[in-house]
Amino acid sequence: DFVQGAATGIHLPPEVLLRLFELIDTAGRGSISEEEWTAAFEITSRAVQKTAAVAVNSGEPPTAPEGVPLDVLRRVAIELVPHNVFRAVWDSEGTLSRKHVSLWAPDQLVSGILRVTAIRFSLGHYANQGFSDARGGAAGGVGRRLILQVRDKRAFSSSSSDRYLQMVADHYCPCPTKFRQVWSQRRGKPLFVWKPVPPNDAFVAIGMVGTETPE
């Protein structure tokens, strides 16, 4: 029951919760006893690592990140949040286009003062009608800008939590292995549009990015 999972503080993607449930339900009854729940969290790190390796190599959804304690995973949230800091990438000035358009990349993706409490991921570049800033999603834009965030819900944690947060981010949201060009225009200011390629079939790339050069 994914709702019950959230209620107990386990905020993980549904496919990860399903795999976790299957591991804990050793009797295959479709329910988890108190004994199974207690025993599950005494599982060795070697067993967790083996399960994760099998999932990644088979193209199935990844399981828990290697080396991250389950109590740390329970306080990590992966969520879509509004973002309002962007940097300009390209605009159509000088291209003789009938309408003005600009491209913006999200900026300032790491949050925290004394330690890192949240890491945000670009879901691609954002197109904006006109040359004004992309933030806010006003009348000239395309609606509210959302971005993917991995956040430690605990306000005060040890310094090692920074490292664990990065490990969770790298595990569930790995960087693309390469980018494939899907469109270009060379009139006035050149623009090249690229589609990211995920590391394997367990992941799906979202969004596209633009550059002013073909590299």
Side-chain angles (χ1 to χ4, degrees), residues 6 11-16 56 59 61-62 65 76-113 116-153 162 165-215:
H11 296 274
L12 293 173
E15 62 271 13
V16 178
V56 171
V76 171
I78 301 178
E79 54 199 358
L80 280 173
V81 297
H83 191 72
N84 60 6
V85 182
F86 296 84
R87 59 177 175 82
V89 174
W90 177 89
D91 64 62
S92 61
E93 186 175 10
T95 62
L96 301 179
S97 61
R98 289 185 293 178
K99 293 186 177 181
H100 292 167
V101 65
S102 54
L103 292 182
W104 299 79
D107 203 2
Q108 299 183 21
L109 300 177
V110 177
S111 302
I113 300 177
V116 176
T117 57
I119 301 174
R120 295 184 174 186
F121 300 93
S122 171
L123 299 181
H125 290 170
Y126 296 77
N128 209 46
Q129 299 177 28
F131 300 151
S132 60
D133 197 325
R135 61 188 168 194
V142 290
R144 187 174 65 161
R145 274 72 176 177
L146 297 177
I147 198 168
L148 191 64
Q149 173 177 270
V150 177
R151 176 176 58 89
D152 187 344
K153 296 180 293 183
D162 294 13
L165 195 64
Q166 187 63 57
M167 292 170 66
V168 171
D170 292 340
H171 186 76
Y172 291 118
C173 306
C175 293
T177 56
K178 61 182 179 179
F179 290 83
R180 181 178 295 113
Q181 184 178 317
V182 295
W183 186 84
S184 67
Q185 77 87 25
R186 300 171 185 265
R187 183 176 57 189
K189 292 181 180 179
L191 174 63
F192 302 86
V193 178
W194 308 83
K195 181 178 181 179
V197 178
N200 57 53
D201 292 340
F203 300 95
V204 176
I206 301 176
M208 298 187 186
V209 298
T211 63
E212 294 182 317
T213 64
E215 290 84 21

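This is a predicted model, so every value here is computed, not measured. Note: hydrogens, waters and symmetry copies are ignored here, and every other heavy atom, side chains too, is used.
- Pairs engaging residues 93-109 under the salt bridge (Lys or Arg N to Asp or Glu O under 4.0 Å) rule: none recorded [sequence neighbours left out].
- For T211, the side-chain contact (heavy atoms from CB on, under 4.5 Å) test picks out F192, W194, with sequence neighbours left out.
- Here K195 pairs with nothing under the salt bridge (Lys or Arg N to Asp or Glu O under 4.0 Å) rule; sequence neighbours left out.
- Checked against salt bridge (Lys or Arg N to Asp or Glu O under 4.0 Å), R151 has the following partners two or more places apart in sequence or in another chain: E79.
- In plain terms, the two heavy atoms of P196 and P198 that are nearest each other are O-CD, 3.9 Å.
- I206 contributes atom CD1, which lies 7.5 Å from atom CG of L148 (distance to the nearest 0.5 angstrom).
- With sequence neighbours excluded, no residue satisfies side-chain hydrogen bond (donor to acceptor under 3.5 Å, both in side chains) with S184.
- Using a distance-only test at 3.5 Å, with no hydrogens or angles considered, a donor-acceptor pair links the side chain of S92 to the main chain of V101.
- Between the S102 side chain and the G130 main chain, a donor and an acceptor come within less than 3.5 Å of each other.
- Side chains of Q166 and D162: no donor on one and acceptor on the other come within 3.5 Å.
- Side-chain contact between P65 and Y172 is present, with at least one heavy-atom pair separated by less than 4.5 Å.
- E212 contributes atom CD, which lies 9.5 Å from atom CG of L103 (distance to the nearest 0.5 angstrom).
- Distance check, rounded to the nearest 0.5 Å: CD of Q108 to NE2 of H83 gives 7.0 Å.
- C175 and P199 make their closest contact through O-CD, 4.0 Å (heavy atoms, listed as atom of the first residue, atom of the second, distance).
- Here the closest non-hydrogen pair linking V193 and M208 is CG1-SD, 3.9 Å.
- A side-chain contact (heavy atoms from CB on, under 4.5 Å) with F121 is found for exactly one of I78, L109, I147, V150, namely V150.
- For the pair P176/F203, no side-chain contact is recorded, criterion being any heavy-atom separation below 4.5 Å from C-beta on.
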Under the side-chain contact (heavy atoms from CB on, under 4.5 Å) rule, what do T95 and L191 come out as? Steps first, then yes or no, please. CA-CA 10 Å; T95 62; L191 174 63; over 6 Å; no
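- Between F131 and H100, the ring-plane angle classifies as parallel under the 30° and 60° cut-offs.
- L80 and L123 get closest at one heavy-atom pair: CD2-CD1, 3.9 Å.
- Each salt bridge (Lys or Arg N to Asp or Glu O under 4.0 Å) pair with one or both residues in residues 171-191, not counting sequence neighbours, appears once here: D91-K189.
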